[in-house]
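Got a structure for you, questions after.
Just the heavy atoms: all of them, side chains too, but no hydrogens, waters or symmetry mates, feed the values below. Numbering of residues begins at 1 and proceeds along the displayed sequence. Keep in mind that this is a model prediction, so the values were computed, not measured.
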Amino acid sequence: MQKKIDKLILIPYVMLILFLVIVIGFGFVHPDSDGALRGVFSAPVMVLLLIAGVLLYLLVMGVLFRRLPGEEGKSPCYMLIIASVLAVGLQVFLTVHYPLQIWWDNTSVLTSAISNVYNMPECFDFEYFNQLGHQNCFLGFTVFMVFIGKLLGVSLAKLPLFLSLADVAAVDLSAAGILMILDRVKGRRAMQRVLIFMLLCPGTYLWCAYYYTTNISLLFASTYFFLYYACMQKEHSLKFYVCFGALAAFSSQFRATLLLCVIASLVFYLFRRPKKPLILLLAGGVGALIVICFLNAAYKEIIPDYDEEARFPVTHWVMMSFQGNGEYNDEDLAFTASFPTHAQKAEATKAELMRRIKEMGPSGVAALFFRKTVHNWSYGNHSYYPMFNRNDRLTDLLWTPDHFFSFYLQQIFHLTQLLLVLFGMGKALLTFGKREEKISYDDLIRIFLLGGFCFYLLWETYPYYSVGFLPVLFYLSADGLAAVEKTAGLLFASGEDASNTAKSADTNALRKKLSGRGIAAAGVAVAAAAGILAIFAKTPFPATVKPVVTQKKFHSMYYMENGSLFTQSFVADRGFDTIRFWIGKKDLAKETGGLYDIMIEGEKSGRVFLERYDTRGMHSIDEFTRTFPRVNVQGSERFSIIITKVEEQDGNKDTNPLGIGAYDLPVDAYLYGSLCEDGTDTGMDMFFNVTDGGPDDIITLY
């Protein structure tokens, strides 16, 4: 009976291998692939570039692995320690030098957290949290972080940077947790290989500072798996299991995918039946109950006037996933929000879901699942397009869509990682019958990853969500990395080392034919061939996102066509003396225009700045930068930028109206206040900077 139960583990093995083959085959190699390189190159060129990049990655890692110390005494590799410190330093530099604009969900979360900590009720986004209750735990966590920031003296303008640094810490601590597990499960050498692989991951530096549940959840996942491994090794006190249950409950409330950790461990229990399972589950349940009660009490404090009827049902997210690639869309959000009660929302979304399924039919649903799998898991950059306050040549090289280098590098790394995971899965499947212990700790990780693939078949999805599974992907890369080191030993060995490495005449013959120089030359040849073909192929990287909003760029000009008054509010928490924004008119080729008063006014400070601006004769967009006597702010104060139409050349007709640089994020970009025209919200934000004359902005755009 036990042998039959053990063989059930082969089912997730086969399913996970199937998912990986689909993602690799159709996300990277297929001509209609859904990866980040789609549309950049023709299929043959893309495949050659991918092969060249993978070979280069494997070659570099093989060379580095050969220089690692052995397992003897488990001595630390000081070069890896130094490299890790430098990597963290680079992360901090990029995070501080390129402050991220917080946007989408975390803008509402941050402003609502500020509302709680600083007693600013006007900042709370009731509509957002009434609808999206699954973000409540993230709000509670952010309230705690903002409170810590306040104790440390972090200003409101610097809170986004503070949260980004906290995000970097969560990502790095998560990586440390996985490395600690590897050290205990697979040995020091395996841990060192994976650490090198992590250090070669472009995402370690490029998207680790984005403050969102996906990144923060990495820390909870790694901690959960580490404690679970501790549970497997020996019995602990009941307090330990209560705390473990509390962590599981908090993690599951923080992000839905972390519930998969709990499900995976329960499935694993069926195979590895521990001692005293009932006592362990009861103790964990007590801890979970304590946390859930605490969170519910906290929600009542941090979310005043919560409207239960406005809450979106679970069926909303499933319904939303049954269209296109399964991504979020505003139409479905508006559809669900249009029903007044929670019961009506649930009934309507369920009916719409069934209608879509019936319309698709079995083949359509299968095709949707296929598209969602490829779309969610095949992006090496995880569709991460950051927005910065600062723009320079390094920004253009690493992040903007006009430069395809970083996208290509991230795609290559992701493909390499998936191939290593696939190799490990294949090896585990082929050697299953030879193992003394059929069910191992690795199987817990595999079940969790399989759960992620299955979960996003039914749930609203987006490529960035796959970031939450990076720690387990690194863990499952360990067996493939061991094979890379073994292969490197065969290819680079010589002399006495070669005689110790070669085990047979066949191995010696292989080593003679395939030298390290030969592999390097092959990689260079493939890369050169791809480069030559790329010259004749479609080379510009297509613009997939709006231009980055920085001091040098904005999304568009918004023109004063429907009124005569622009207002944009902002909050300053320290003195300032400079304002900068972009101004123009609709038809720059014409001499026509008008006169406009531009003013800054504070709730306490009164009028700060006033200038009359003439757009007649203006033939280019102007960077409007003005310095005025310093405004000293006590605490924090709300200011408004006010632009008033005074006179037009052609009477009252808007023949050539004034325009200002603006962008249309779906949520307010500032702590509060948005661009209004004659008191009506335009749904946009004016693009401006307010500074103290130094390099740092008083207002951080998020």
>> Among residues at least two apart in sequence or on other chains, which ones pass side chain to side chain contact (heavy atoms under 4.5 Å, CB included) with P12?
In response: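 Partners of P12 by the side chain to side chain contact (heavy atoms under 4.5 Å, CB included) criterion, ordered by chain and then number, come out as I9, L450.
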> Is atom NZ of K350 surrounded by more than 12 heavy atoms (other residues, nucleotides or ligands) closer than 6.0 Å?
Replying inline: no
> Taking the six-membered ring for Trp, are the ring centroids of F469 and W377 within less than 6.0 Å of each other?
Replying inline: yes
>> Tell me every residue that passes salt bridge (Lys or Arg N to Asp or Glu O under 4.0 Å) with E352, counting only those two or more places apart in sequence or in another chain.
In response: R355, R356
> Which pairs pass side chain to side chain donor-acceptor pair (under 3.5 Å) with one or both residues in residues 136-148, sequence neighbours excluded?
Replying inline: T142-Y211
>> Could you check whether F225 and F448 have their ring centres less than 6.0 Å apart?
In response: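 Here the rings of F225 and F448 have centres that are less than 6.0 Å from each other.
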> Would you say K585 and P657 make side-chain contact, with heavy atoms under 4.5 Å?
Replying inline: no
> Residues in side chain to side chain contact (heavy atoms under 4.5 Å, CB included) with S251, at least two apart?
Replying inline: F220, L247, L258
> Any ion pair linking E327 and K372 (charged N to carboxylate O, less than 4.0 Å)?
Replying inline: no
>> Checking N376 against S466 for the side chain to side chain donor-acceptor pair (under 3.5 Å) test, could you report, in this order, the C-alpha distance in whole Å, the side-chain angles of both residues, the deciding distance, and whether it holds?
In response: CA-CA 7 Å; N376 195 63; S466 58; 5.1 Å; no
> How many angstroms lie between atom CG of L139 and atom OG1 of T213, to the nearest 0.5 angstrom?
Replying inline: 12.5 Å
> Taking only residues two or more places apart in sequence or in another chain, which ones pass side chain to side chain contact (heavy atoms under 4.5 Å, CB included) with L18?
Replying inline: I22
> Side-chain contact, heavy-atom cut-off 4.5 Å: E561 with K586?
Replying inline: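 They are in side-chain contact.
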> Between N325 and H375, is there a donor-acceptor pair closer than 3.5 Å when you use the side chain of the first and the backbone of the second?
Replying inline: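 No, N325 side chain to H375 backbone: no donor-acceptor pair under 3.5 Å.
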> Does any donor atom in the side chain of Y379 or Q410 lie under 3.5 Å from an acceptor atom in the other side chain?
Replying inline: no
> Quick check: does any side chain N or O of S174 sit under 3.5 Å from a backbone N or O of A170, one acting as donor and the other as acceptor?
Replying inline: no
>> Checking H316 now: which residues fulfil side chain to side chain donor-acceptor pair (under 3.5 Å) with it, not counting sequence neighbours?
In response: T336
>> Among residues at least two apart in sequence or on other chains, which ones pass ring-ring contact (aromatic ring centres under 6.0 Å, His included) with F294?
In response: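 Counting only residues at least two positions away or on another chain, F294 forms no ring-ring contact (aromatic ring centres under 6.0 Å, His included).
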> Taking only residues two or more places apart in sequence, or in another chain, which ones meet F455 in a ring-ring contact (aromatic ring centres under 6.0 Å, His included)?
Replying inline: W459
>> Taking side chain to side chain contact (heavy atoms under 4.5 Å, CB included) as the definition, give me every residue that meets it alongside Q253, ordered by chain and number, with sequence neighbours left out.
In response: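 Here the qualifying residues are C137, L295, Y299.
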>> Check the orientation of F639 and F570. Use parallel for under 30°, tilted for 30 to 60°, and perpendicular for over 60°.
In response: parallel
>> How about CZ on F144, more than 12 heavy atoms from neighbouring residues, nucleotides or ligands closer than 6.0 Å, or not?
In response: no
> How many angstroms lie between OG in S222 and CG in L470, if you round to the nearest 0.5 Å?
Replying inline: 10.5 Å
> What closest approach, in Å, do K645 and M560 show between heavy atoms, and which atom pair accounts for it?
Replying inline: CE-SD, 3.8 Å
> What pairs with T341 under side chain to side chain donor-acceptor pair (under 3.5 Å), at least two apart in sequence or on another chain?
Replying inline: Q344
> What residues, two or more places apart in sequence or in another chain, satisfy ring-ring contact (aromatic ring centres under 6.0 Å, His included) together with Y456?
Replying inline: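 ring-ring contact (aromatic ring centres under 6.0 Å, His included) list for Y456, sorted by chain: Y465.
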> Excluding sequence neighbours, so at least two apart, what forms ring-ring contact (aromatic ring centres under 6.0 Å, His included) with F162?
Replying inline: none
